[in-house]
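The structure under discussion appears below in the form of structure tokens.
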Amino acid sequence: MTYFIDRRANAKNKSAVNRQRFLDRYRTHIKRSVEEAVNRRSITDMERGEKVSIPTRDISEPVFQHGPGGKRTIVSPGNKEFVEGDRLRRPSGGGGGDGAGEGGASNQGEGMDEFAFSLTREEFLDFVFDGLELPHLERKALKDLDEVKPVRAGVTRDGVPARINIVRSMREAYARRIAMRAPLRRALRAAQEALDEEERKDPVLRNPSRIAELKAEIERLEKRLEAVPFIDTYDLRYNNLINQPQPSSKAVMFCVMDVSGSMTQAHKDIAKRFFLLLYLFLERNYEKVELVFVRHHTAAKEVDEEEFFYSRETGGTIVSSALTLVDEIITRRYPPTQWNLYVAQASDGDNWDDDSVNCRERLMKSLMPRLQYYTYVEITPHAHQALWEEYETVAAEFPDRFAMRQIVEAGDIYPVFRELFKRRAAH
């Protein structure tokens, strides 16, 4: 039998490539396990990896093996129970043994081999947010942008050796040599012609002093031609690089949450989980995303993340106060020509009498024409109230930019989130 041994050194990141191939091959199984883990975990526990198990039957492949072949008679030494010719009884339970293999023994007489491995944090979040995106993200012309990219801007006489432009330098040197040697060559050619003319004269008419003078001039001109340098520091040209501002995808997400008395602690916890999941999604996918937190009851206030999630305030509900504040913040700090604007609102649907109409008018006349996307989640198991009905009018007017869903319990957060931010087909 011939054996082939591959002694080539492993390529760089070979293990990482093989792992990625494995994840791609069993993506369906892994994604199912990740979705189960998301439903099982709290959202605050989303940033760690996950242990995934795949049944062996799903990853096993047929293989060829060499059997013993022929007929053999074997007697094990030291056997006190059996002699040659005895028949062994089949073990009860169908599989025998103490392992947990497929069809193997367990308390119920059945088992299953599983292949278990761990996903890293990055791999786990890859599967959590697979197929999601911020809709209608656009490139904006940005002011005071600190993100720049060095780009070529011609050549310059000053620079570092690493940026020398050889072609332009040689072209400059060639042009300089032509310019400096052309008058010398003309003078040399004239001196040689004069010398030839003088030497062709009759020996009686020749002027020896003139011939010596012309030879000295020719020698001097030839030395000057040879002294012209092949390349000079004056000829060097360097690639000129300038920092050019780069237009990039820059977004701001407004998180709006109702903290009125009608919002129970359970409602607030669900809203917090939704925003935490949204925060992870934004932080992962977009480098330049700012978050603005707005809490409201009868009055709205912009707060920091700590106060948004953990402060305790109660009161009545006037949703339009939050929308008005968001509108003012956009006008003051985030002009639509420079920012992609997104709003995510969480509420139980309760609102002050007649204020839902104000919310609809504020959205349709001022906010929606400037926003890329607006998501509204209503956290209630009950029938919808006036705010939902007014928002349906907005959704009908802006079907591609306004989305609304209902959440009843914590297990609905992840499916609703995927529905709100699933990748849309390109228009």
Side-chain angles (χ1 to χ4, degrees), residues 4-18 20-21 137-250 286-288 335 337-340 426:
F4 295 93
I5 302 177
D6 186 0
R7 297 190 182 277
R8 294 176 296 179
N10 287 342
K12 186 178 180 181
N13 298 327
K14 182 176 180 180
S15 297
V17 173
N18 291 339
Q20 191 60 44
R21 288 175 178 172
L137 194 68
E138 299 175 358
R139 291 188 177 275
K140 303 287 185 177
L142 302 181
K143 277 185 170 182
D144 303 326
L145 183 63
D146 56 357
E147 181 182 350
V148 295
K149 178 182 179 182
V151 296
R152 289 280 298 274
V155 294
T156 181
R157 295 179 182 273
D158 302 319
V160 296
R163 294 183 182 174
I164 189 170
N165 189 315
I166 297 177
V167 175
R168 288 297 300 271
S169 299
M170 296 304 296
R171 185 185 301 171
E172 294 293 334
Y174 184 63
R176 177 189 52 80
R177 291 199 307 271
I178 292 176
M180 294 181 66
R181 297 174 72 173
L184 297 177
R185 288 183 181 278
R186 286 195 298 268
L188 179 61
R189 187 164 53 251
Q192 288 176 341
E193 291 175 354
L195 178 61
D196 294 340
E197 183 180 353
E198 190 68 29
E199 289 179 341
R200 284 197 299 268
K201 291 182 179 180
D202 188 85
V204 178
L205 301 177
R206 287 179 185 173
N207 187 349
S209 60
R210 175 62 176 167
I211 293 175
E213 182 183 343
L214 290 172
K215 287 183 177 180
E217 180 67 12
I218 290 173
E219 184 179 357
R220 184 184 68 82
L221 293 172
E222 288 178 345
K223 287 182 178 180
R224 287 191 62 184
L225 283 173
E226 293 177 357
V228 174
F230 179 78
I231 191 168
D232 192 79
T233 53
Y234 176 82
D235 306 324
L236 297 180
R237 296 294 183 269
Y238 302 89
N239 294 324
N240 186 30
L241 300 180
I242 62 174
N243 291 328
Q244 185 180 67
Q246 295 298 303
S248 62
S249 298
K250 199 170 184 180
Y286 302 99
E287 295 181 358
K288 291 187 175 295
T337 57
Q338 301 176 21
W339 292 85
N340 291 279

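Here the structure is a predicted model, which is why all the values come from computation and not from measurement.
Legend: residues meeting salt bridge (charged side-chain N to carboxylate O under 4.0 Å, His left out) with R186, ordered by chain and number and at least two apart, are absent. For R177, the side chain to side chain donor-acceptor pair (under 3.5 Å) criterion is met by no residue, not counting sequence neighbours.
One finds the CD atom of E222 at 10.5 Å from the CZ atom of R185 (value rounded to the nearest 0.5 Å). Here L184 contributes atom CG and E226 contributes atom CD; the two are 11.5 Å apart, rounded to the nearest 0.5 Å. Atom CG of residue L188 and atom CG of residue L225 lie 6.0 Å apart, to the nearest 0.5 angstrom. Atom CG of residue D196 and atom CG of residue L214 lie 9.5 Å apart, to the nearest 0.5 angstrom.
Shortest non-hydrogen contact noted between R206 and E199 is NH2-O, 2.8 Å.
Only one option out of D158, I231, V155 pairs with L236 in a side-chain contact (heavy atoms from CB on, under 4.5 Å); it is I231. Considering E219, E217, K223 as possible partners of L221, the one that fulfils the side-chain contact (heavy atoms from CB on, under 4.5 Å) test is E217.
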Give the C-alpha distance, both sets of side-chain angles, the deciding distance and a yes or no for salt bridge (charged side-chain N to carboxylate O under 4.0 Å, His left out) between E198 and K201. CA-CA 6 Å; E198 190 68 29; K201 291 182 179 180; 3.2 Å; yes
Run the side chain to side chain contact (heavy atoms under 4.5 Å, CB included) check on V167 and R237 step by step: do they pass? CA-CA 9 Å; V167 175; R237 296 294 183 269; over 6 Å; no
Can you list the steps and then say if K215 with I211 is a side chain to side chain contact (heavy atoms under 4.5 Å, CB included)? CA-CA 6 Å; K215 287 183 177 180; I211 293 175; 3.8 Å; yes
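Counting only heavy atoms from C-beta outward, the side chains of M170 and F230 approach each other to under 4.5 Å. Residues S169 and D235 have side chains not in contact (no heavy-atom distance under 4.5 Å, counting atoms from C-beta outward).
Checked by atom type and distance alone, the side chain of N165 never pairs as donor or acceptor with a backbone atom of N239 at under 3.5 Å.
With 3.5 Å as the limit, one finds a donor-acceptor pair spanning the side chains of S209 and N207.
Cation-pi geometry between R168 and Y238 is not satisfied (NZ or CZ under 6.0 Å from the ring centre, within 45° of the ring normal).
Counting non-hydrogen atoms of neighbouring residues, nucleotides and ligands closer than 6.0 angstrom, the CZ atom of R176 exceeds 12 such neighbours. At most 12 heavy atoms of other shown residues, nucleotides or ligands fall within 6.0 angstrom of atom CZ in R152.
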